[in-house]
A.B. asks: 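Okay, handing you the structure first.
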Amino acid sequence: MKSAKQFFALGLRVVLGVLLLLLGIAGFFAFAAGFADYPVVPPSPTAKAWIRGAYHVHTTRSDGNGSPAKVAAAAKAAGLDFVVLTDHNDLAPPAATWMDGVLLIPGVELSTQSGHLTAFGMQRPLRDVKPWGPPEQALAAVEAAGGTAVLAHPVQKKNPWRDEATAQRVPGFELYSADTFFRQALRSPFSRLLPGVGASLMNPVHGVMLLVAPEPEPTARFLGLSREQPRLALCAHDAHGLPAYETVFSALDVEFPPELLPGPLSRDAREAAKQVTQALASPQSLCVFRALGAPDGFALEGYDARTREAPVGTTLTVRLPDHVPETLEVRVWGEGRLGPDGRSIELTGPGVVQVEIWARAPGRFFGHEWRPWLVPSPVRVVPRAPGI
């Protein structure tokens with residue numbers, strides 16, 4: 001009969017064996033990451049610069065592990081122009097300021113009884129709102145302050161949005177969230193988390209990109225809410241400092257085409273913040289998984305840019321940047337059908353259509369996997385006028 005010491009020694013050997021196995025697997029993914037080639041789409045030397053930034057970022061004012069100065073330094077290293085800080089229930093954030101060449105813009109993430117609501121662009125202080133209060137109270141406070149409200153990680157398992165009435169009124173929706181990708185990976189430790197952690201040892205940005213595995217629920221929820229009124233699709237960093245701010249900022253960002261915000265930004269921080277938040281609230285802003293390439297030359301054409309609507313039967317056209325053949329593809333959800341040319345979309349019925357550009361990106365091993373690259377806001381499809 002084995003003694004307690006023998007059982008302890010056996011258990012210790014098992015634990016050490018498992019740890020060595022995990023280290024070996026992580027080492028394999030780290031080795032493979034050394035061959036991951038970014039960007040997928042080469043930059044255009046003649047393209048006009050797009051204003052770039054990060055949205056939904058936490059600092060030591062709430063549960064982030066970096067000060068605003070550390071966040072600004074990381075944003076500068078990643079090539080960003082601005083960061084929208086959204087610390088939890090920070091009802092009196094510091095005023096907009098330029099720091100280390102990066103514009104820091106005040107925002108907030110409000111905790112309500114039905115989930116989290118981020119907000120930016122407030123012209124006046126938030127009034128009559130308390131943490132964990134009714135969702136309609138938080139939304140009313142943002143509207144009264146002249147801000148733009150966004151449903152934060154609305155279908156995330158930990159903090160989903162649970163109030164349908166306010167969901168119908170909120171203009172913004174976090175379609176993709178870096179923090180949600182990380183939480184999803186925690187539920188798939190061997191197929192997603194371990195490859196990402198291992199790859200990060202060699203190539204941190206590649207490690208983050210391996211976590212990008214969209215699921216159908218956010219898109220279905222987003223399309224359902226977008227049928228009745230235009231919605232703003234945002235990609236949220238929801239950055240807390242782990243993974244490192246610079247790594248997440250380098251993997252994805254929010255960008256404004258030159259025709260929306262030509263730049264450079266005003267050197268007056270308050271005026272520059274107004275420029276950025278107005279552009280961020282526009283459906284012309286673009287979510288970009290920047291590790292895969294710059295969006296220079298991209299356009300979605302054929303709809304009314306003022307209303308972001310088009311009648312049934314219209315054909316939308318996607319203009320793609322120069323790229324290696326078979327490295328990009330157009331994907332369509334909702335009331336649209338992709339044409340044989342792979343770039344035209346026929347609008348088939350009233351509702352909404354979501355068009356995204358996906359790229360053939362480096363995979364977990366030595367192959368490739370398709371990942372989202374450019375994510376514009378949706379286009380509402382309206383009935384054709386009588387007699388047309």
Side-chain angles (χ1 to χ4, degrees), residues 47-59 68-69 71-87 90 92-109 117-126 142-150 152 170-174 230-237 239 245 249 252-288 290 294-300 305-308 374-377:
K48 294 182 180 179
W50 292 37
I51 300 295
R52 303 171 51 203
Y55 148 77
H56 195 158
V57 177
H58 297 279
T59 74
V71 168
K76 181 179 181 180
L80 302 188
D81 301 293
F82 68 89
V83 176
V84 179
L85 302 177
T86 54
D87 280 305
D90 192 357
T97 185
W98 284 100
M99 186 175 293
D100 206 9
V102 174
L103 178 66
L104 299 183
I105 300 173
V108 67
E109 182 173 8
L117 191 76
T118 59
F120 59 84
M122 278 73 72
Q123 304 302 306
R124 296 168 292 280
L126 291 168
V142 174
E143 292 173 339
T148 298
V150 181
V170 176
F173 187 104
E174 290 184 358
R231 298 281 171 169
L232 175 66
L234 285 171
C235 285
H237 293 81
Y245 291 111
F249 294 165
L252 73 154
D253 60 25
V254 179
E255 304 198 22
F256 309 137
E259 57 269 23
L260 175 62
L261 186 57
L265 296 175
S266 170
R267 299 317 298 172
D268 178 271
R270 183 174 179 179
E271 179 60 28
K274 183 178 180 180
Q275 290 177 304
V276 168
T277 53
Q278 286 180 343
L280 187 59
S282 164
Q284 299 297 108
S285 63
L286 185 66
C287 164
V288 181
R290 206 28 148 81
D296 311 320
F298 165 77
L300 178 61
R306 181 179 55 86
T307 62
R308 206 168 180 86
L374 305 180
V375 184
S377 290

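Values in this document were obtained by computation on a predicted structure and should not be read as measured data.
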A.B. asks: How long is the span from the CZ atom in F256 to the CD1 atom in I51, to the nearest 0.5 Å?
C.D. replies: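 Here the rounded value is 8.0 Å.
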A.B. asks: I'd like to know if K76 and D100 make a salt bridge, using a cut-off of under 4.0 Å between side-chain N and carboxylate O.
C.D. replies: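 Answer for the salt bridge query: yes.
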A.B. asks: Can you confirm whether E259 sits close enough to Q284 that some side-chain heavy atom of one is under 4.5 Å from a side-chain heavy atom of the other?
C.D. replies: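 The answer is no; the side chains never approach within 4.5 Å.
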A.B. asks: After noting the C-alpha distance and the side-chain angles of L80 and V102, does the key distance pass the side chain to side chain contact (heavy atoms under 4.5 Å, CB included) rule?
C.D. replies: CA-CA 7 Å; L80 302 188; V102 174; 5.5 Å; no
A.B. asks: So which atom in G53 and which in D253 form the shortest heavy-atom distance, rounded to 0.1 Å?
C.D. replies: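 So the minimum-distance heavy-atom pair works out to O-CB, 3.2 Å.
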A.B. asks: Are any of the side-chain heavy atoms of P295 and R290 separated by less than 4.5 Å?
C.D. replies: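 They are in contact (side-chain heavy atoms under 4.5 Å apart), so the answer is yes.
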A.B. asks: Is there a side-chain contact between E174 and V150 (heavy atoms, below 4.5 Å)?
C.D. replies: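 When only atoms from C-beta onward are counted, V150 and E174 do touch, with a gap below 4.5 Å.
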A.B. asks: Within this structure, what is the CD-OG distance for the pair Q278 and S285, rounded to the nearest 0.5 Å?
C.D. replies: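 Here the rounded value is 13.0 Å.
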A.B. asks: Would you mind reporting whether V276 and E271 have side-chain heavy atoms less than 4.5 Å apart?
C.D. replies: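 SC-SC contact between E271 and V276 ruled out.
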A.B. asks: Could you go through the side chain to side chain contact (heavy atoms under 4.5 Å, CB included) check for F298 and L286 one step at a time?
C.D. replies: CA-CA 10 Å; F298 165 77; L286 185 66; 3.9 Å; yes
A.B. asks: Quick one, L126 with V142, criterion side chain to side chain contact (heavy atoms under 4.5 Å, CB included). Give me CA distance, side-chain angles, the key distance, then yes/no.
C.D. replies: CA-CA 6 Å; L126 291 168; V142 174; 4.2 Å; yes
A.B. asks: Okay, side chain of R231, backbone of V170: is any donor-acceptor separation there less than 3.5 Å?
C.D. replies: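 Present.
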A.B. asks: Return the minimal non-hydrogen interatomic distance between A233 and P376, and the atom names on each side.
C.D. replies: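 What the structure gives for the nearest pair is CB-O, 4.0 Å.
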A.B. asks: Between Q123 and G121, is there a donor-acceptor pair closer than 3.5 Å when you use the side chain of the first and the backbone of the second?
C.D. replies: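 Checking the backbone N and O of G121 against the side chain of Q123, a donor-acceptor pair under 3.5 Å is found.
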A.B. asks: Quick one: OG on S377 to CG on L234, what's the gap to the nearest 0.5 Å?
C.D. replies: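 Spacing of OG (S377) from CG (L234) equals 7.0 Å.
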A.B. asks: Parallel, tilted or perpendicular: which describes the rings of H58 and H56, with under 30° parallel and over 60° perpendicular?
C.D. replies: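 Rings of H58 and H56: perpendicular, as their planes differ by over 60°.
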A.B. asks: If you take all heavy atoms of P93 and G107, which pair is closest and at what distance?
C.D. replies: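 Shortest heavy-atom separation between P93 and G107 comes out as CG-O, 4.1 Å.
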A.B. asks: Applying salt bridge (charged side-chain N to carboxylate O under 4.0 Å, His left out) to D81 and R52, what does each step give before you reach the verdict?
C.D. replies: CA-CA 5 Å; D81 301 293; R52 303 171 51 203; over 6 Å; no
A.B. asks: With rounding to the nearest 0.5 Å, note down the distance linking CG in D90 to CG in L85.
C.D. replies: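 Between atom CG of D90 and atom CG of L85 there are 9.0 Å.
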A.B. asks: Between the main-chain N or O of D268 and the side-chain N or O of S266, is there a donor-acceptor pair closer than 3.5 Å?
C.D. replies: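 Side chain of S266 to backbone of D268: a pair is present.
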A.B. asks: At what distance, to the nearest 0.5 angstrom, does CD1 of I105 lie from CZ of F120?
C.D. replies: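 Reported value, rounded in 0.5 Å steps: 9.5 Å.
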A.B. asks: Decide side chain to side chain contact (heavy atoms under 4.5 Å, CB included) for V254 and V288; before the verdict, give the C-alpha distance in whole Å, the side-chain angles of both, and the deciding distance to 0.1 Å.
C.D. replies: CA-CA 6 Å; V254 179; V288 181; over 6 Å; no
A.B. asks: Main chain of R267, side chain of W98: is a donor-acceptor contact present, judged purely on distance under 3.5 Å?
C.D. replies: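 Yes, because the side chain of W98 sits within donor-acceptor range (under 3.5 Å) of the backbone of R267.
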A.B. asks: Between P125 and A145, what is the shortest heavy-atom contact and its length?
C.D. replies: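 Shortest heavy-atom contact: O-CB, 4.0 Å.
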A.B. asks: Of all heavy-atom pairs between C235 and L252, which one has the smallest distance, and what is that distance?
C.D. replies: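 Closest pair (atom of C235, atom of L252, distance): CB-CD1, 3.8 Å.
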A.B. asks: Residues two or more places apart in sequence or in another chain: which of them pass side chain to side chain donor-acceptor pair (under 3.5 Å) with Q275?
C.D. replies: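 For Q275, no residue satisfies side chain to side chain donor-acceptor pair (under 3.5 Å) once neighbours in sequence are set aside.
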A.B. asks: OG/S282 to CG/L260 distance, rounded to the nearest 0.5 angstrom?
C.D. replies: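 One finds 4.5 Å between OG of S282 and CG of L260.
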A.B. asks: State which residues pass side chain to side chain donor-acceptor pair (under 3.5 Å) with T118; sequence neighbours excluded, sorted by chain then number.
C.D. replies: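 Residues passing side chain to side chain donor-acceptor pair (under 3.5 Å) with T118: Y55.
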A.B. asks: Are P171 and E143 close enough that some pair of their side-chain heavy atoms sits under 4.5 Å apart?
C.D. replies: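 The answer is no; the side chains never approach within 4.5 Å.
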A.B. asks: Checking T86 side chain against V57 main chain: does a donor-acceptor pair fall under 3.5 Å?
C.D. replies: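 Checking the backbone N and O of V57 against the side chain of T86, a donor-acceptor pair under 3.5 Å is found.
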A.B. asks: Identify the heavy atoms of L103 and A273 that sit nearest to each other, and give their distance.
C.D. replies: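 Closest approach of L103 to A273, heavy atoms only: CD2-N, 3.7 Å.
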A.B. asks: Without swapping roles, check the side chain of H237 against the backbone of F249 for a donor-acceptor pair under 3.5 Å.
C.D. replies: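 No.
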A.B. asks: Can you confirm whether V108 sits close enough to M122 that some side-chain heavy atom of one is under 4.5 Å from a side-chain heavy atom of the other?
C.D. replies: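 Yes - at least one pair of side-chain heavy atoms lies under 4.5 Å apart.
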